[in-house]
Amino acid sequence: MILHAHLDKNKEGHLTIGGMDAVELAREFGTPAYIIDEDVIRQNCRTYLTAARKHFGADALPLYASKALSFTGVYKIVAEEGLGIDCVSGGELYTAQNAGFPAERIYFHGNNKTDADLCQALDMGVGTIVVDGDEELESLDALARARGKVQKILLRITPGIDPHTHRAIVTGNVDSKFGNAIATGQALAITQKALACKGIRLAGFHCHIGSQIFEIDPFRDAAGIMLRFIADVKGATGFEAKELNLGGGLGVRYTEDDRGIDYADAIRQIAEIVQNGAAQYGVAMPRVILEPGRSLVAAAGVTLYTVGSVKEIPGFRNYVSIDGGMPDNPRYALYQSQYTVLIADRAGAPKDYRATVAGRCCESGDLIGENMPIQKPQRGDILAVLCTGAYNYSMASNYNRIPRPPIVMVHEGKARVAVRRETYADLVRCDLIEK
Ligand SMILES: *Cc1c(COP(=O)(O)O)cnc(C)c1O
């Protein structure tokens, strides 16, 4: 095992992904390429679904927060596994629809949905819209009534939790572009407003406190605060929430320094708080929804690159340049995210070298990581970056007019292209030439 259970080395000393030789995958599909182990995603879906039903009850539903990795094939897998999904844009809704994803199991998020987004969601029959603020509530109510519909919604609430994580991905604080704070009275006010809307059926509340969180305490705190809010709303309005969506955010292991999380056990602990809270505050146990994104798909992904140059600057450091970089993985440039790297050709050899892995963009910040332990690389080696299934492909760009890599899915010892490599023709597809 190398970092995650589906990664290992074979007798040639090559990295294997789901039992398949990474060096051969690179030869067959070219580099850079995202390799995604489908079986890992399916297994994670089953872990969440089984634990959620066991601890919260048979009507509990985990949703896959699809912004983590969005393409048609992944929605098909998640639909087959029986989960719902989160979408945060018209483009994600469109992709889910392209996959035939059941619309009633879609939750539609976003802090600034346009009227066009809301119409798209209403017209495709999206099951639940998670309303973020007053203007959206008014617009949605009018658009639903104009269609003779009553749309089911949740209201996004900010419980005011600091999950001790990176500030840029903290969203549960009161000072947030997302949601309605309990502390300021805005959460209760929008609840009263929603209850008066004829085009809307309020089912309950949603919160999402942040991402890459390893402690269970912030989730337990959030669940407790939300239960108390449900009780306060019941006292003030008579409305008792039927659904409580506790968001996503459980962390994944990017490096050996990150500890793993037992997701089933985390769900058990959160369920205890919800059950105790419901009893303590005298409200009915709501239907519980969870929204894991990263923890369903991150570990399933490995990006393969080819090493182009190794530049050793005496007294400074070693730059190892690869044939990808920030266009396919902007996370180091955005938040100094840490990764594990290795040379796939010599996965069993000791990591006795330090590499600053650089991409090929005209941008000094185009790095995958700095001074990372690795086997000594040379031109032509296959360099693997582990745990890239989440927020890599979905954040990719065409900066420097670099085509996006393909997604190759590995499943039961076979590999297939699920998203083909972009071509130069794709890059000019939208360019209009004036005649
Ligand atoms: C991003 C997001 C998630 C998923 O977060 P992860 O950290 O990837 O699990 C869940 N819910 C909402 C509303 C989100 O914005």
Side-chain angles (χ1 to χ4, degrees), residues 40-41 44-45 47-49 51-52 61-70 74 78 83-89 91-93 96 105-113 117 121 126-133 136 153-159 161 163-173 176-180 204-216 218-219 222-223 226 243-254 258 260-261 263 266-267 270 288-301 331 334-335 337 387-395:
V40 172
I41 297 180
N44 288 337
C45 287
T47 299
Y48 266 99
L49 190 60
L61 185 69
L63 314 175
Y64 165 50
S66 69
K67 70 177 191 279
L69 176 67
S70 176
V74 82
V78 172
L83 275 67
I85 51 166
D86 274 0
C87 291
V88 296
S89 70
E92 285 184 0
L93 288 177
R105 274 194 270 149
I106 299 178
Y107 283 65
F108 187 33
H109 282 276
N111 68 301
N112 185 17
K113 303 177 194 76
D117 291 338
V126 163
T128 312
I129 297 181
V130 182
V131 171
D132 208 281
E136 180 188 341
I153 70 159
L154 299 181
L155 286 171
R156 182 159 181 163
I157 305 298
T158 37
I161 303 279
H164 309 291
T165 184
H166 196 292
R167 275 196 64 188
I169 46 178
V170 170
T171 50
N173 282 335
S176 166
K177 75 167 182 169
F178 296 103
N180 305 275
F205 303 105
H206 166 273
C207 69
H208 172 68
I209 57 172
S211 205
Q212 187 60 358
I213 304 168
F214 287 95
E215 281 78 40
I216 303 302
F219 292 102
M226 293 299 285
E243 198 169 302
L244 174 61
N245 181 328
L246 292 170
L250 284 173
V252 298
R253 209 160 175 239
Y254 286 101
D258 295 326
I261 294 189
Y263 299 116
I267 291 167
I270 298 164
V288 173
I289 307 290
L290 303 169
E291 300 176 320
R294 187 193 307 272
S295 54
L296 285 182
V297 297
R331 294 189 67 250
L334 279 174
Y335 355 85
S337 304
C387 209
T388 58
Y391 306 114
N392 272 235
Y393 173 75
S394 65
M395 284 188 163

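Counting convention: from 1, in listed order, for ligands and their atoms alike. Side chains are part of it too, since the values below use all heavy atoms of this structure and drop only hydrogens, waters and symmetry mates.
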- Query: Taking it one step at a time, do His109 and His208 satisfy ring-ring contact (aromatic ring centres under 6.0 Å, His included)?
  - Reply: CA-CA 11 Å; His109 282 276; His208 172 68; 8.0 Å; no
Should Tyr391 be counted as touching ligand 1, given the test is an N or O pair under 3.5 Å?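 For ligand 1, there is an N or O atom that lies under 3.5 Å from one belonging to Tyr391.
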Exercise. Output yes when the distance from some N or O of ligand 1 to some N or O of Gly249 is under 3.5 Å, and no in every other case.
Key: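 In this structure, Gly249 places an N or O atom under 3.5 Å from an N or O of ligand 1.
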Looking at every heavy atom in both [X] and [Y], which two are closest together, and how far apart are they?
X: Val88; Y: Phe108; result: C-CE1, 3.9 Å
X: Asp132; Y: Lys113; result: N-NZ, 4.2 Å
X: Cys87; Y: Glu92; result: CA-OE1, 3.3 Å
X: Tyr263; Y: Gly251; result: OH-O, 2.8 Å

As an exercise, identify every atom of ligand 1 less than 4.0 angstrom from a heavy atom of [X].
X: His206; result: 13 (C)
X: Ala65; result: 3 (C), 4 (C), 10 (C)
X: Gly293; result: 4 (C), 6 (P), 8 (O), 9 (O)

**Asked** Between His206 and Tyr107, is any pair of side-chain heavy atoms under 4.5 Å apart?
**Response**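 The answer is no, as the side chains (C-beta and beyond) never meet within the 4.5 Å cut-off.
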Checklist line | Contact check, side chains of Thr388 and Arg331, non-hydrogen atoms, under 4.5 Å | finding: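 Contact flag for Thr388/Arg331 side chains = no.
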Of Arg156, Arg294, His208, the one whose closest heavy atom lies nearest atom 5 (O) of ligand 1 is His208
Logged contact type for His109 with ligand 1, heavy-atom cut-off 4.0 Å, is side chain
### Message
Below 4.0 Å, non-hydrogen atoms only: which portion of Asp86 touches ligand 1? Side chain, backbone, both or neither.
### Response
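The answer is the side chain.
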Nearest-neighbour protein heavy atom for [atom], which is reported as residue plus atom name and distance:
atom: atom 11 (N) of ligand 1; result: Glu291 OE1, 2.7 Å
atom: atom 7 (O) of ligand 1; result: Ser211 OG, 2.3 Å
atom: atom 14 (C) of ligand 1; result: Lys67 NZ, 2.8 Å

* Asked: Would you say Ser295 touches ligand 1, if touching means a heavy atom closer than 4.0 Å?
  -> no
message = When you measure from the heavy atoms of Phe178 to every atom of ligand 1, does any distance fall below 4.0 Å?
response = no
Next on the checklist: Using only atom types and a distance under 3.5 Å, with no angle test, would you say the side chain of Asn44 pairs donor to acceptor with the backbone of Leu296?
Outcome noted: yes
From the list Val288, Leu63, Leu290, side-chain contact (heavy atoms from CB on, under 4.5 Å) with Asn245 holds only for Leu63
